[in-house]
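By convention in this document, chain letters (A, B, ...) are assigned in the order of the sequence lines, proteins followed by strands, and residues within each chain are numbered from 1. These numbers come from the heavy atoms of this one structure, side chains and all, not from hydrogens, waters or symmetry mates.
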2 protein chains.
Amino acid sequence: MPDVPVPGRPVRVVLVDDEPLVRRGLALILDAEPDLEVVGEAGDGAEAVALVRRLRPDVVCMDVRMPEVDGIRATELVLRQPAPPKVLVITTFASDDHVVDALAAGASGFLLKRARAEEMVQAVRTVATGQSLLFPEAVRALLRPRRRTARHDGPPLTPREQQVLALVGQGMTNAEIAAELVLGVETVRTHVASVLAKLGARDRTQAVVIAYRTGLVEP
Amino acid sequence: MPDVPVPGRPVRVVLVDDEPLVRRGLALILDAEPDLEVVGEAGDGAEAVALVRRLRPDVVCMDVRMPEVDGIRATELVLRQPAPPKVLVITTFASDDHVVDALAAGASGFLLKRARAEEMVQAVRTVATGQSLLFPEAVRALLRPRRRTARHDGPPLTPREQQVLALVGQGMTNAEIAAELVLGVETVRTHVASVLAKLGARDRTQAVVIAYRTGLVEP
DNA sequence: GCCCGGATCACCCGCGCGGGGGAGGAGGCG
DNA sequence: CGCCTCCTCCCCCGCGCGGGTGATCCGGGC
């Protein structure tokens with residue numbers, strides 16, 4: 001499996017994009033390289049799966065945004081086949097939050113549409129060798145812990161209440177919190193009661209559970 | 001910044017490895033490419049930082065296992081400089097759990113020592129363009145949810161105690177737990193007391209905190 | 001056989017906690 | 001100026017909780 005222009009056996013590529021013009025453009029770029037060979041094109045996820053099954057390419061360049069079956073789902077289906085190809089996902093925005101889904105589906109890498117032609121050529125070669133190719137934003141997204149998007153939707157907590165909840169989330173008693181924040185115990189009790197009411201918690205233990213689950217406090 | 005052999009301006013590389021022979025070998029591999037140029041070598045993390053500061057290379061190939069300052073720490077220091085180079089970490093085993101640490105430190109990619117020469121050349125070109133290069137195992141490691149390796153080290157919990165702790169972690173009262181497990185409240189109290197003692201918790205709230213932090217219960 | 005750990009249930013005591021209600025001061029807004 | 005939110009502090013009451021101690025039963029190990 002050569003990764004430099006030594007056409008002992010060219011890397012066979014299938015392009016998947018719902019825009020015929022984009023497909024042809026990409027095909028021209030890749031076919032200009034002697035070690036790359038575009039063997040097929042598909043304009044839809046389902047079409048792509050059938051094509052891959054028949055042609056058995058080494059790499060599939062897959063657009064995420066497609067009608068009917070999208071790129072993520074198509075990636076899953078393609079990789080479910082025996083001896084599956086590598087999938088290089090092509091996306092428009094780096095901030096696209098589909099990166100995690102695509103990687104979980106088994107994609108080998110990402111390529112931004114604003115990439116230059118040589119970058120795309122090299123990306124295909126890279127994933128063909130079994131390496132994974134990401135852009136730095138994707139790596140950062142992966143490093144960032146899974147944020148619960150299910151934030152608390154009820155009444156918002158005041159700064160003081162958040163502060164108290166954070167300490168409750170450390171397992172502190174009201175007296176300890178009072179000492180920590182230099183407050184009267186009664187004040188802390190008021191804040192805690194307020195937090196419980198806003199979170200819909202029965203006691204501080206439930207408040208801690210909710211706080212951890214919704215990401216209101218850091219572990 | 002060409003990523004194909006067009007030496008308009010070669011990619012300047014610094015090699016960091018505590019083994020002089022390995023350094024020279026890698027240098028020969030990279031210098032054979034017209035678009036790559038090894039401008040310096042370091043055998044130690046501290047040395048590497050100084051060298052990078054002086055030479056301002058485009059890419060640093062960094063071994064993880066080094067005496068004194070290891071590759072991870074060295075990566076942090078190197079990237080703290082203004083206009084830092086890309087860092088390609090070289091490691092022996094894919095199962096190495098330093099991948100997350102290295103990426104968090106800002107490394108652009110990984111290369112296995114068992115990679116072939118052409119793969120290394122291409123890896124350097126890839127990270128030079130700003131892309132991130134990983135091996136699939138690393139991606140899987142990133143996708144895997146952060147498991148607290150810091151498990152509880154004290155006395156182990158009995159199955160029943162784990163069960164009770166799980167329900168305590170749902171915010172249930174002793175009476176509710178008793179109803180759920182079809183037990184007497186007193187029995188639940190005994191189990192809870194046992195859990196508190198084993199976890200070193202003062203009350204059920206602290207137990208919940210510890211349970212969440214150590215991964216004893218799932219959110 | 002005996003002993004040990006797990007699971008089950010029981011009683012008493014002290015206290016932190018949560019609910020309810022009240023109250024005053026600081027600061028923002030129309 | 002009133003009106004509001006937020007922060008602060010106070011009292012009373014009931015109860016769930018945790019500590020301490022003890023009991024019974026069962027299964028397993030030496």
Next on the checklist: Without decimals, in angstroms, what is the distance between Gln163(A) CD and dC6(D) P?
Outcome noted: 15 Å

Checklist entry - Over how many whole Å does the gap from His191(A) atom NE2 to dT8(D) atom C1' extend? => result 7 Å

Next on the checklist: Please determine whether any donor N or O and acceptor N or O are separated by less than 3.5 Å between the side chain of Glu161(A) and the base of dC6(D).
Outcome noted: no

Checklist entry - Of all the choices, dC17(D), dC17(C), dC10(D), which nucleotide is nearest to the side chain of Thr190(A) once you look at every atom? => result dC10(D)

Next on the checklist: Could you go through Arg125(A) and Glu119(B), starting from their C-alpha distance and side-chain angles, then the distance that decides it, and tell me whether this counts as salt bridge (charged side-chain N to carboxylate O under 4.0 Å, His left out)?
Outcome noted: CA-CA 10 Å; Arg125(A) 292 189 185 123; Glu119(B) 285 179 347; over 6 Å; no

Checklist outcome for this item: From CD of Gln206(B) across to P of dC17(D) the rounded distance in Å is 16 Å

Checklist entry - How close or far is atom P of dC15(C) from atom CG of Asp203(A), stated in whole angstroms? => result 21 Å

Checklist entry - Which nucleotide sits closest to the side chain of Arg160(B): dA7(C), dG18(D), dC9(D)? => result dA7(C)

Checklist entry - Any side-chain N or O of Thr158(B) under 4.0 Å from OP1/OP2 of dG5(C)? => result no

Checklist entry - If you pin Pro156(A) and Val182(A) to their nearest nucleotides in DNA chain D, which one's is more 5'? => result Pro156(A)

Item to check | Presence of Thr187(B) side-chain N/O under 4.0 Å of dT8(C) phosphate oxygens OP1/OP2 | outcome: no

Checklist entry - Closer to the 5' end of DNA chain C via nearest nucleotide, is it Val185(B) or Ala193(A)? => result Val185(B)

Checklist outcome for this item: Taken to the nearest 0.5 Å, the spacing of Leu134(B) CG from Ser108(A) OG works out to 11.5 Å

Item to check | Backbone of Val185(A) reached by a side-chain donor or acceptor of Asn174(A) within 3.5 Å | outcome: no

Checklist entry - When all nucleic acid strands are considered with a 4.0 Å heavy-atom cut-off, which category describes Val192(A): base, sugar-phosphate, or nothing? => result sugar-phosphate

Checklist entry - Say you draw a straight line from OG1 of Thr126(A) to CD of Gln122(B); how long is it, rounded to the nearest 0.5 Å? => result 4.0 Å

Next on the checklist: Nearest 0.5 angstrom please: Ile29(A) CD1 to Met120(A) CE, how far?
Outcome noted: 6.5 Å

Item to check | Check ion pair Arg23(A)-Asp63(A) (N to O, under 4.0 angstrom) | outcome: no

Next on the checklist: As a test of reading the structure: which of dC17(C), dG19(D), dC7(D) is closest to the side chain of Thr173(A), going by heavy atoms?
Outcome noted: dC17(C)

Checklist entry - Separation of Gln162(B) atom CD from dG6(C) atom P, in whole Å? => result 12 Å

Item to check | Proximal nucleotide (of dA10(C), dG18(C), dT8(D)) relative to the Glu186(B) side chain | outcome: dA10(C)

Checklist entry - Starting at CG of Leu196(A) and ending at C1' of dG19(C), how long is that distance when rounded to a whole Å? => result 10 Å

Item to check | Separation of dT8(C) C1' from Ile177(B) CD1 (nearest whole Å) | outcome: 16 Å

Checklist entry - Would one find a side-chain N or O of Asn174(B) under 4.0 angstrom from OP1 or OP2 of dC17(D)? => result yes

Checklist entry - If you check the Leu183(B) side chain, which of dC7(D), dC9(D), dT8(C) turns out closest? => result dT8(C)

Checklist entry - Side chain of Arg189(B): nearest nucleotide among dC9(D), dC17(C), dC17(D)? => result dC17(D)

Checklist entry - Should Arg204(B) be listed as having a side-chain N or O under 4.0 Å from OP1 or OP2 of dG18(D)? => result yes

